[in-house]
Amino acid sequence: MRFAMINTPIHISERNTPLPAGMSYPDALCLLCREATATHCPESAQSAERSALEREAQEPTYVGRGMAIPHARVEGLANAYVYLARSEAGIPWPEEAARTVVLLVVPAEQPDLYLQLLRRTVKWRMLGEPCPLAEFIGSLS
């Protein structure tokens, strides 16, 4: 699904299968970065991976209640990506296991877009995931 905010197309998708049990969070981040950008911008996958891992090294993005919202800011990216993945066993983040992971990949030049998507994702979770994430983010644009 695609929405436009701040003149940037946003591609929102969900992983069809749960993340594999026993996967580390760095491996999960790399896999999700590749999958999130695969259709529209595969050449950005490595930059997204590097950015997400650097961000996690500064401060882990586990936000509580079984959810992590890792993010990558990539120079020159034309689109933003929101990618939802789940893990039945949980991915062991430094704080605790994340069963829901929402990866945000945004143009580095648009920090406000990242903040909008982060706020909307947290609100969606706090409301108990009342509808699909793509529908929730789209209804607020």
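- The two residues Ala72 and Ala52 have their closest heavy-atom pair at CB-N, 3.9 Å.
- A chain of hydrophobic side-chain contacts below 4.5 Å, direct or via other Ile, Leu, Val, Met, Phe, Trp or Tyr residues, connects Val102 to Ile10.
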Under the criterion side-chain contact (heavy atoms from CB on, under 4.5 Å), I'd like the reasoning laid out for Val82 against Leu133: C-alpha separation, chi angles, the key distance, then a yes or no.
CA-CA 9 Å; Val82 178; Leu133 181 59; 3.9 Å; yes
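- Between Leu77 and Val106 there is no side-chain heavy-atom pair separated by less than 4.5 Å.
- Listed by chain and residue number, Ser24, Leu53 satisfy the side-chain contact (heavy atoms from CB on, under 4.5 Å) test with Pro26 (two or more places apart in sequence, or in another chain).
- Residue pairs meeting the salt bridge (Lys or Arg N to Asp or Glu O under 4.0 Å) criterion with at least one member in residues 71-84: none, sequence neighbours excluded.
- With a 4.5 Å cut-off on side-chain heavy atoms, Thr37 and Tyr81 count as touching.
- Linking ILVMFWY side-chain heavy atoms closer than 4.5 Å, directly or via other members, places Leu117 and Ile69 in a single hydrophobic cluster.
- Of all the heavy atoms in Pro111 and Ala108, the pair that sits closest is CD-O, 3.8 Å.
- Here Arg65 contributes atom CZ and Glu96 contributes atom CD; the two are 11.5 Å apart, rounded to the nearest 0.5 Å.
- Contacts of Glu129 classified as side-chain contact (heavy atoms from CB on, under 4.5 Å), with partners at least two apart in sequence or in another chain: Arg86, Thr100, Trp124, Arg125.
- Val74 is listed as a side-chain neighbour of Val105, based on a closest heavy-atom distance under 4.5 Å.
- Counting only residues at least two apart or on different chains, the ring-ring contact (aromatic ring centres under 6.0 Å, His included) pairs with a member in residues 24-46 are His11-His40, Tyr25-Trp93.
- Within the model, atoms CG of Leu118 and CG of Leu113 stand 11.0 Å from one another, a figure rounded to the nearest 0.5 Å.
- Judged as a ring pair (Phe, Tyr, Trp, His ring centres under 6.0 Å), and not counting sequence neighbours, Tyr62 has no contacts.
- Proximity of Pro60 to Pro94: side-chain heavy atoms (C-beta onward) are separated by under 4.5 Å at one or more points.
- The hydrophobic cluster containing Met67 does not contain Met23, counting ILVMFWY residues as joined when their side-chain heavy atoms lie under 4.5 angstrom apart, directly or transitively.
- Counting only residues at least two apart or on different chains, no salt bridge (Lys or Arg N to Asp or Glu O under 4.0 Å) pair has a member in residues 50-61.
- In the hydrophobic clustering of this structure, Leu84 groups with Leu104; members are Ile, Leu, Val, Met, Phe, Trp, Tyr whose side-chain heavy atoms approach within less than 4.5 Å, directly or through other members.
- Taking each heavy atom of Ala89 and Arg99 in turn, the nearest pair found is O-NH2, 3.8 Å.
- Counting only residues at least two apart or in different chains, ring-ring contact (aromatic ring centres under 6.0 Å, His included) contacts with residues 97-119 comprise His71-Tyr114.
- For residues 17-43, every residue pair satisfying the salt bridge (Lys or Arg N to Asp or Glu O under 4.0 Å) rule, not counting sequence neighbours, is listed here: Arg15-Glu35, Arg34-Glu49.
- Side-chain contact check for Leu32 versus Leu19: some heavy-atom pair is nearer than 4.5 Å.
- Counting non-hydrogen atoms of neighbouring residues, nucleotides and ligands closer than 6.0 angstrom, the CD atom of Gln46 reaches no more than 12 such neighbours.
- For the atom pair CG of Leu115 and CZ of Arg120, the computed distance is 11.5 Å after rounding to the nearest 0.5 Å.
- In this structure, Cys33 SG and Leu103 CG are separated by 4.5 Å, a value rounded to the nearest 0.5 Å.
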